[in-house]
Structure formats: C-alpha cells, structure tokens
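Structure record follows, encoded as structure tokens.
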Amino acid sequence: MDILAGLNPAQQEAVKHIEGPLLILAGPGSGKTRVITHRIAYLIKTCGVSPRRIMAVTFTNKAAREMKERLEKLLGQVSESLTVGTFHAICARILRQDGKVVGLETNFVIYDEEDQQSLIKQCLQDLNLDPKQYNPQKIRNAISFAKSQHMTPAKFAGESRSYWDEVVARVYERYQEQLGQSNAADFDDLLMKTVQLFEKHPDTLEKYQSRYLHLLVDEFQDTNITQYNLIRMLGGKHRNICVVGDPDQSIYSWRFADIGNILSFEKDSPDATIIVLEQNYRSTKNILEAASSIISVNSRRKAKKLWTENQTGAPMFVVKTYNEQDEAQFVVNEILKLTGSDSIKPGDCAVMYRTNAQSRAIEEAFVRYGMKYKLVGGTKFYQRREVKDVIAYLRVIHNPFDNISLSRIIKVPGRGIGQRTLSDLSNRARDNNISLFAAMKAASEGRGPGFGSRIKTAVTGLYRMINDFIVESQQIGLVNLMDTVLEKSGYREHIREEDDGEERWENILELRTVALDFDSLPPGEGLSPFLEQVSLVSDADEIENREDMTTLITLHQAKGLEFPVVFIVGIEEGLLPHRRSMEEGGDDLEEERRLCYVGITRAEKHVYLLHTARRSIFGGSSESTPSRFLADIPEHLIESKGLAGIPEQQGKRSERYERRRYEDEEGVPITTLLAKRQQPPLKEIIDLNPGDRVRHSKFGDGQVIGMRSAGEDKEVIVAFEGAGVKKLLLSMAPLEKI
DNA sequence: GCAAACATGATTTTT
DNA sequence: TCATGTTTGC
C-alpha cells in the first residue's frame, strides 16, 4: 500500500517532511487527521522509525481513540507500541512513574473541578476568609490560570499586584499544600508537575527526550503555555516536533488556551517549515464562502483561503421566527421535510447553539413530535452525585490520605457524623499536620480531646470499616470489592431509598459495568487503573453518530465533528456573539466570530441560520436583533425562509396551547419528562399498514396514510383528525392500533 | 443532624 | 425560570 496515495500535494509534503520542526495550519475539513495518521505510518513504514519512539498528543480521549483506530487499520499490530493519548493521560503516566520527586506517590488521585472546589472552600475556612467575599469559583479559576501559565504559588505571590491577587496567592499556596497532603493532583497539576519534574530532574527529562524521536500535537491552537513548555522540553533533543492547528478554530481562550503559541512556535523554531492545508473536502462552495466572509473580518489573523472542488450547493438559509418555540418548530419541520425527500436521515442533522439553555426549546419540540435526538453534554455521568460517591469510597481505599474523598463519604450514608464532627476532625488533622484519616484513627483510639460517646462510636465504626475495605481490596477483585463496599457501607440501601433511587442505582450499576473491564486483573491490581480511567475519561467521548437521532450540541462541543445539515439557532446579538463577550471589547468578540465559523464549517451541504424576534431570558422575554455576523455574509449566498405553512399568529397560538397542556397533563416538570423520554421503555413494535386507524397519546386519533423504512426503524405518516399530518417513528411514537 | 424555607445568580467546559 | 447553595428552625 502506498501511504502517499490519495493525498494532495500539500498533504504529501506534510507527511514527508520529517526532519525538524513542522507547523501545519489546517483549515476545517482539510484532512488533518488523515495527514497525522499517514505521517505516523510513513515514519514507521518508510523511514523505519520504531513506533515506540513516536508520541501523538490530542486533547480529547475521543480524538486519541479515533487516531488509534485509524492507525491500527493502517499499521496493524505495531500501532500498539505508539504513545497516543491526551496531554493529561500522558502526563499522568509519566508522573505515576517518576512523580515521586515532585511529591506524588504512584497511587496519587486526580481531583476534578468539584473536588478542587471543595478543597478551596476548605482552604478559605482554614485561612479565615469569607467565601462570599472571595468566590471559590473565581479563586479556582485564578489558580487554574496560574497553573496554565506555569506559575507556582511563590511566583504568583511575587507578581501579585492587587489585594485580590494576594488573597488568591495565599489560597493557592495552602491549596497546593493540601493537595500534597492528600497525595492528589488536579488536572492542571498533571501538566505543571510534569514540567516541574523535567525542570528539576534533567536526567528524567533526558530519558523521555531520548526515547521520543518524533512528537505530534493535534489542535495546537488550544494549548496553553504550560502545555507548550512541556512539548518544547520533550522535543528539545531531536526537535522533530510537528504541530497541527488552526488559529481560526481557537475557541477555548477562556480555558487559557493561547493562540500565541503558534507565533511562539515560529519564533522559537526559526527553521520551522510551515505548511498550509487549504483544500476543503467537506463543504460546498457556498458554505465555505459564507464561513470565510465571517472569519475574514477578524484582524490579527493568518490569511488562509479555503477552496473546494465540491459543488456550489444550496444557499445559506437564514430564518427569522417569532420566538424560540417557533424556531424549534421550524427546525423540526425542516428535518421532517428533508428526511422525507432528500435522502437525508435525522442523524445527518445537527442543531447547534451558543448556550446549553437553548437546547430546552429544541428538545420540547422534538419530544412533541416523537423525534429522537441525542443531547450532547448535560449532566455528565462521572459528575453524578451517586457515581462520585462510590468513586470516593474506592479512592479512599486506594489512597487513605485523600481528604476530599474521605470528607465526602463521611457524610453519606448518614451515620451520625455530620458537618460539626467533620469540621472538628478536619481541624485536628490540620493542627497536628496529619491526614483526616489519621485524625479519625486517633479519635477512635481515644487520643486527643474526647468526643461524645455516640460520635466516638460512629467514627470508630467508619474507621474500622475503611480499614477492613483496605485489607479486602488486596484479596478480592475489583467488582467484588465494589459490591462489598456498596453493601457494608449501607450506600446501596441509602441510595435506593432516595426519590430517584432507581435511576441512581442504575447509574451505579453502569459504573460497575465499567469496573468489569478491570475485574480480571489480580486482586488489588484493578483499582488503580480503574480510578485512572474514571478520572480522565469524560462523556463527550461517547458522541456516536446514529442515523436515527439528530444531534443537539453546543458550538464548542461541535468542533471536530461534521454533519450534512447544520442548524445554528439563536444567531442573535447577545447570544452569538454572547453579551459577556462584548463587555470588554477586544479579543472576545473575535472568538465569538471563530465560534460561528466553527459552527458553519461543520456543515457539508446545508446550513440554516436561525434568529428570533423575541427570546425568553431568565423568565422574562426580550427583543432580539439578528447577529452582526449575518451581515457579513454576502447577500447572494443567502436565502430567507419563514416558518412555512403556518400563518405566524395561528402557529404561535397553537404552539403555546400545546405546550401548556403538555406540562399540565402529566403534572410533572418538563425536565423530568424530557429525561424520561430520552430512553423510552422497550415497547412492542406494532404492525401497521396504510389505512389503519391509530391512536396517539397526544395527537389523538388518525389514519395511517403512508409507511416507509428509516434505517432499522419505520416511519409512519399519519393524518390526525385534530393535529394534522405527522411523520412519526414507529419505535418511538406512543401509537396504538384501534 | 437534618429538612424545609430562602437567596442567588445563570457562556462556553477538551482533561 | 430554575437549579444550587445557605440559613434557619426543629
């Protein structure tokens, strides 16, 4: 097989340029991943580089997994010895191996944002600072910023110029101490501590530098300073660093990603080769032209002119509706229309929005029409309270110094130890400079000032229980351990008694399924990799494309995906661009523009840009004006559309009526209904033929006028007596034959 | 120690 | 509007 076959000249150049630093500026849809994977294949097959000397870094697990899959196809088994992973996963691995010198034992835990927040609150309390005056969220953000810039507490304190900074510096210092005490690292630490490790121990750095002959970094526009430092250090010896990115798709500056890294790369590596990938294989000419017209308004931009051999295609459909319900209605109608005639499936469509709150109106419309959708984001599995609780138990077993996890499990299930006792124990731990677990031990052994006998019994009981778990964890497999913990701690019983206990228990069983993957390991050896996985994996990794489900997604999360049809809703002043980005002019507006650009360039064939006249916001309703970005699209590319077939006034009223009835009828908040609808109970598939009479739980009685297959499913077209003609999916719609 | 009333503040969230 | 965190009363 010829590795270069099927690549255009620029792509080939990028694959073949193997000596020295390389910067690839890759426009959307330009075959970026293809270039990276083929480059790796080329290095191995043509240049004879050992796969274990190549590292490819991505931002998401999903990207890493996809890259591995493609490499596996290209290279077969040798691909297994490549290092492919996220920044965080790769750093975690390095720190498990060599992190002792920066204060991390091999069994360190990784704190997520919630854990960080708890720890910061604790620190504020220890320092006698009022959390109302010093918002823990803001402090967390400030600390995260410091770490993204590779600033230690000392350096931060040295550079702080305001009273706020000084407070942050004090909290930051204490926070790091407490992380150390807990043998824990937060996400930012994974990166920063690795850099510190390399700074302090050149021999360790040398080990990795020598090993990795070639480095590849994807989504380079999203790296922060610390990540850039890391890459520079790792590649410092062989200098074969290949970074791939697109400054126009930089939409994470608020997570401290720094486009400046691209400039720095050029400056730091004057001999770098720069290759621009401008041919787009994804979108129509019209889509590309519209996207370019929006992004080209940004100043301080590397000019890049995308082109394509694809068709001219349809114009950009700009749609104005009265409010967000009508907007959603339009989307639903349009998807029904497209899937009826254009050989487009619901799964080919995506609805994108700036803020998560916007998904609600869209969801309601989908639910009302019995249309399936996949909502990306929302409450994440690993963030769920019950899942975090169980993980906290396991973390404490794995690392009893983990004070945050221990604080968490002390309270649930209720065992007579409340906030009061917990604070007391925490204070003792702090004053004696010991862990919370050690403080519990001391209390149960009756050392130090006494507790009331009831409390002492409770503390002793918990202490002994955890100790037993620790002993058992060495003797039994992971799943067995998890079952034991759930049973003996009383957590199972506790959670099942809650209002939505059944659902929560299901989630725990889901977590148990994840644990099954590690169950075959010898006793005591499954816990560690399991915890690593659950700390570093997120649900965004699960974005699968099913042909019967339309994707509902934020513009941010849509980066990297592609769909034949894209609806961008709420393209209005205040929303896109978001009002918060307009507060202090400057760069933020440019980022909003990039966000819009990212959204449009996801589309292959059709783009719909929707805006409303009025939109509800925090209860109230206010007037909206079309986004300034719309004005940047040349007129000849635009076709205006309205809410077809429904006179505005009438459509509006029936809409409202149905909505209200829907909520009242069941007497349950709409959110609950939405959640339930997402996973309908398996229902018997009924056999229907045109002419049959049917009853729909909401639309009433009607007659089947048509049937056609839609993937594995069937679409039924029904003429309802009251609600008109609807297209429904057989497996989803609450239909019965009458 | 815990449940219910009350206050608050709401962009985006790769790990 | 509505979810989340904090205060208050038992």
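Nothing here was measured: the structure is a model prediction, and the numbers come from that model.
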Check the phosphate of [N] against [X], side-chain N and O only, distance under 4.0 Å to OP1 or OP2. Yes or no?
X        : N      : value
A:Arg354 : B:dT11 : no
A:Asn356 : B:dT12 : yes
A:Gln557 : B:dT12 : no

Ignoring hydrogens, what is the shortest heavy-atom contact between [X] and [Y]? Give both atom names and the distance.
X        : Y        : value
A:Ser250 : A:Arg594 : O-NE, 2.7 Å
A:Arg602 : A:Gln249 : NH2-OE1, 3.2 Å
A:Asp186 : A:Asp189 : OD1-N, 2.7 Å
A:Leu394 : A:Leu531 : O-CD1, 4.0 Å

How many Å lie between [atom1] on [X] and [atom2] on [N], as a whole number?
X        : N      : atom1 : atom2 : answer
A:Arg360 : C:dT1  : CZ    : C1'   : 8 Å
A:Glu532 : B:dT15 : CD    : P     : 14 Å
A:Leu595 : B:dT14 : CG    : C1'   : 14 Å
A:Glu66  : B:dT14 : CD    : P     : 15 Å
A:Gln137 : B:dT8  : CD    : P     : 18 Å
A:Ile553 : B:dT12 : CD1   : P     : 13 Å
A:Ile410 : B:dC2  : CD1   : P     : 13 Å
A:Lys411 : B:dC2  : NZ    : C1'   : 13 Å

Can you tell me which nucleotide in [options] comes closest to the side chain of [X]?
X        : options                : value
A:Phe187 : B:dT15, B:dT12, B:dT14 : B:dT15
A:Thr554 : B:dT12, B:dT11, B:dT14 : B:dT12
A:Lys121 : C:dT6, C:dC2, B:dT15   : C:dT6

What nucleic acid atoms does [X] come within less than 4.0 Å of, heavy atoms only: base, sugar-phosphate, or nothing?
X        : result
A:Glu113 : base
A:Thr421 : sugar-phosphate
A:Arg420 : sugar-phosphate
A:Tyr252 : base

Check: Got a donor-acceptor contact below 3.5 angstrom from the A:Ser426 side chain to the A:Leu422 backbone?
Finding: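 Pair found, side chain donor or acceptor close to backbone of A:Leu422.
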Note to self: Can you work out whether A:Ser535 or A:Gly418 has the more 5'-proximal nearest nucleotide on DNA chain B?
What the structure shows: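 Residue closer to the 5' terminus by nearest nucleotide: A:Gly418.
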Checklist line | Most 5' of A:Thr86 and A:Ile417 on DNA chain B, judged by nearest nucleotide | finding: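 Going by which nucleotide is closer to the 5' end, it is A:Ile417.
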For nucleotides 7-10 of chain C, list the nitrogen or oxygen atoms of the protein found under 3.5 Å from its nitrogen or oxygen atoms, one pair per line.
unit_1, atom_1, unit_2, atom_2, d
C:dT7, OP1, A:Lys132, NZ, 3.2

Notebook entry, point to check: With stacking defined as ring centroids separated by under 5.5 Å and planes differing by under 30°, is A:His578 stacked against B:dT11?
Noted result: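 It does: the two rings, one from A:His578 and one from B:dT11, meet the stacking criterion.
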Notebook entry, point to check: Is A:Arg96 close enough and on-axis enough to A:Phe108, meaning under 6.0 Å and within 45°, for cation-pi?
Noted result: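 The answer is yes, since A:Arg96 meets both limits relative to A:Phe108.
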Next item on the list: Can you measure from CD (A:Gln533) to CG (A:Asp517) and round to the nearest 0.5 angstrom?
Entry: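 If I round to the nearest 0.5 Å, the distance is 7.0 Å.
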Notebook entry, point to check: Listed by chain and number, what are the salt bridge (charged side-chain N to carboxylate O under 4.0 Å, His left out) partners of A:Arg408, not counting sequence neighbours?
Noted result: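 By the salt bridge (charged side-chain N to carboxylate O under 4.0 Å, His left out) rule, A:Arg408 matches A:Glu114, A:Asp389.
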